> 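Can you keep this structure in mind? I'll have questions shortly.
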Amino acid sequence: MRLVWPPVSTADPAQRIFMRLSRYFLPILREIPKEAEIASHRLMLRAGMIRQEAAGIYAFLPLGLRVLDKVCRIVREEQNRSGAIELLMPTIQSAELWRESGRYEAYGKEMLRFKDRHEREMLYGPTNEEMITEIFRSYVRSYKDLPLNLYHIQWKFRDEVRPRFGVMRGREFLMKDAYSFDLDFEGAKHSYNRMFVAYLRTFARMGLRSIPMVAESGPIGGNLSHEFIILADTGESEVFCHGDYLTFEVPGPDVDFDNAKALQAIVDKWTSLYAATSEKHDPSLFAKLGPGKGLSARGIEVGHIFYFGTKYSEPMKAIVTGPDGTDRPVHSGSYGIGPSRLVAAIIEAFHDDAGIKWPQSVAPFGAIILNLKQGGADTDPACERLYAELTAKGVDTLYHDLEERPGSKFATADLIGIPWQILVGPRGLAEGKVEVKRRADGTRELMSPADAVTRISQGSNLLYA
RNA sequence: CGGAGUGUGGCUCAGCCUGGUAGAGCACCUCGUUCGGGACGAGGGGGUCGCAGGUUCAAAUCCUGCCACUCCGACCA
């Protein structure tokens with residue numbers, strides 16, 4: 001069961017037809033569903049991205065899936081770049097495994113437990129430390145196979161007492177979880193730093209400014225841990241940090257993840273200033289930051305990294321032989337990012353009253369063509385041509401070809417938040433022009449269709465930055 | 001898990017208190033007029049009122065039980 005699909009390139013002619021709105025499945029809601037309290041939940045429902053199937057359990061509809069795929073793609077690329085290796089573990093696990101670590105009893109009612117037909121105790125995985133440790137210990141015996149960082153992107157289930165805020169706080173959620181294995185603390189620290197830097201890059205590529213904050217290690221245990229918080233005015237919790245974090249440079253794509261010293265320098269810099277969630281907040285320290293330097297804002301947790309040492313390797317006997325010939329349990333950490341939650345977090349960071357304003361890199365489509373006079377002798381061919389040319393340039397393009405009034409098309413385009421809108425109407429075409437509107441700032445510009453293609457194809461290719 | 005609510009057409013809701021055989025707006029279908037910021041007119045389709053009992057001549061409405069969902073609090077990626 002492959003649950004996350006790579007994004008489909010619309011450059012593939014076989015896919016083109018599905019990007020006409022008349023053949024697509026985009027169930028827009030004009031009225032606001034009453035249960036949705038926060039902006040992202042409201043907008044995801046209205047934009048036809050998700051459908052609630054049970055409390056805290058959602059189906060991703062086509063538009064939502066496209067965004068989720070793009071988020072996962074960035075996560076993957078940055079995990080891979082940092083040296084982590086992807087695999088895929090199952091959603092269902094056996095209780096036996098969890099008894100080994102002692103967490104079967106400890107985890108509580110958040111874990112969904114059930115029995116199969118043979119009365120074997122099973123569970124729907126809330127996380128995978130036990131399983132990855134089991135896999136590791138089955139194959140790895142020598143320090144020569146280290147370091148190792150294995151990750152997967154898989155659905156998890158935590159039976160929250162009170163799910164809310166749509167996919168932001170669902171019971172079923174998609175999670176990237178990585179698990180590192182090293183011979184000693186020094187190695188583990190390097191692995192931790194790899195993830196730390198990969199996370200900075202991952203969120204930055206989604207247009208988000210993330211700030212690492214010292215975190216409680218929580219039920220998973222350990223003593224080296226950071227939460228990655230992104231700032232959004234409508235964020236769930238209050239956070240406090242030094243304002244200079246907003247000016248820190250995010251490591252570029254050329255960062256050398258094998259250079260432990262260089263990585264440590266980056267991590268040191270990004271942990272040098274005050275940054276705390278409200279639980280860890282110390283007002284007296286915060287007050288000492290100096291005039292104008294203390295930043296109090298709203299934030300959303302989008303990632304969490306832990307070092308937990310030998311917490312699982314010891315009870316579960318994940319042992320390797322060191323260079324000196326002695327056996328020892330490996331040092332591990334785990335590193336989570338919630339892609340489904342990120343989709344909502346990105347919306348919290350980028351929206352206005354009219355709808356979503358997707359950052360280029362995760363937008364479900366790069367551009368939308370609005371035919372303001374469907375069936376028009378001049379507008380129809382102009383739209384078809386734009387559509388073909390943009391698609392040929394690799395821009396994911398949605399063609400709004402329904403028989404709707406212009407006002408309705410504008411509203412839909414604004415709602416679903418496609419970064420570039422191309423307005424094709426008789427008025428502009430009379431002068432050989434179309435209007436290009438940027439959703440992010442609302443700016444519009446009249447230009448020839450050829451210039452529009454150039455402008456958009458150049459401005460849309462930020463995914464691989 | 002404590003507290004508070006809500007279930008009526010695809011969506012938002014009225015009707016329930018004071019029982020009498022189900023409504024509005026939006027959406028949908030047809031026709032016409034419209035057409036650069038969610039048009040207008042006419043006609044039409046669609047609901048065993050969450051489920052199960054009970055009271056009654058009669059239940060969306062009153063009573064009991066169950067289920068689902070939402071909000072506040074404690075808890076979490």
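These numbers come from a predicted model, not from an experiment. Just so we're on the same page: letters track the sequence lines, and every chain starts at 1.
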> Would you say the side-chain atoms of A:Arg439 pair up with the backbone N or O of A:Pro419, donor to acceptor, closer than 3.5 Å?
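No; judged by distance alone, with no hydrogens or angles, the pair does not exist.
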
> Base, sugar-phosphate or nothing for A:Thr412? Non-hydrogen atoms, less than 4.0 Å.
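If one applies the 4.0 Å heavy-atom cut-off, A:Thr412 turns out to touch a base.
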
> By centroid distance (under 5.5 Å) and plane angle (under 30°), are A:Phe410 and B:G38 in a stacked arrangement?
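The base of B:G38 is not stacked with A:Phe410 (the test needs centres under 5.5 Å and planes under 30°).
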
> Within the 4.0 Å heavy-atom criterion, would you say A:Glu37 contacts the bases, only the backbone, or no part of the nucleic acid?
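Sugar-phosphate, no base atom in range.
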
> Please determine, for the side chain of A:Arg162, which listed nucleotide (B:C72, B:G36, B:U12) has the closest atom?
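Nearest to the side chain of A:Arg162 among the choices is B:C72.
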
> How would you label the contact of A:Ile32 with the nucleic acid (heavy atoms, under 4.0 Å): base, sugar-phosphate, or nothing?
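Sugar-phosphate only.
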
> Would you mind classifying the nucleic acid contact of A:Lys176 as base, sugar-phosphate or nothing, using non-hydrogen atoms under 4.0 angstrom?
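Since no nucleic acid heavy atom lies under 4.0 Å of A:Lys176, the category is nothing.
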
> List the atom of A:Ala363, the atom of A:Lys70, and the distance in Å for their closest heavy-atom pair.
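Closest approach of A:Ala363 to A:Lys70: O-NZ, 3.0 Å.
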
> Could you tell me if the ring centre of A:Tyr335 sits under 6.0 Å from that of A:Tyr199?
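Ring centroids of A:Tyr335 and A:Tyr199 are no less than 6.0 Å from each other.
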
> With a 4.0 Å cut-off on heavy atoms, is A:Gly170 in touch with a base, just the backbone sugar-phosphate, or nothing at all?
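The answer is base, as A:Gly170 lies within the cut-off (heavy atoms under 4.0 Å) of a base atom.
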
> Would you classify A:Lys156 as touching base, sugar-phosphate or nothing, given that sugar-phosphate means primed atoms plus P, OP1 and OP2, and contacts are heavy atoms under 4.0 Å?
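The residue A:Lys156 makes no contact with any strand.
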
> Between protein and nucleotides 25-35 of chain B, map the contacts as a letter string: B base, S sugar-phosphate only, - none, heavy atoms under 4.0 Å, written 5' to 3'.
BBS------BS

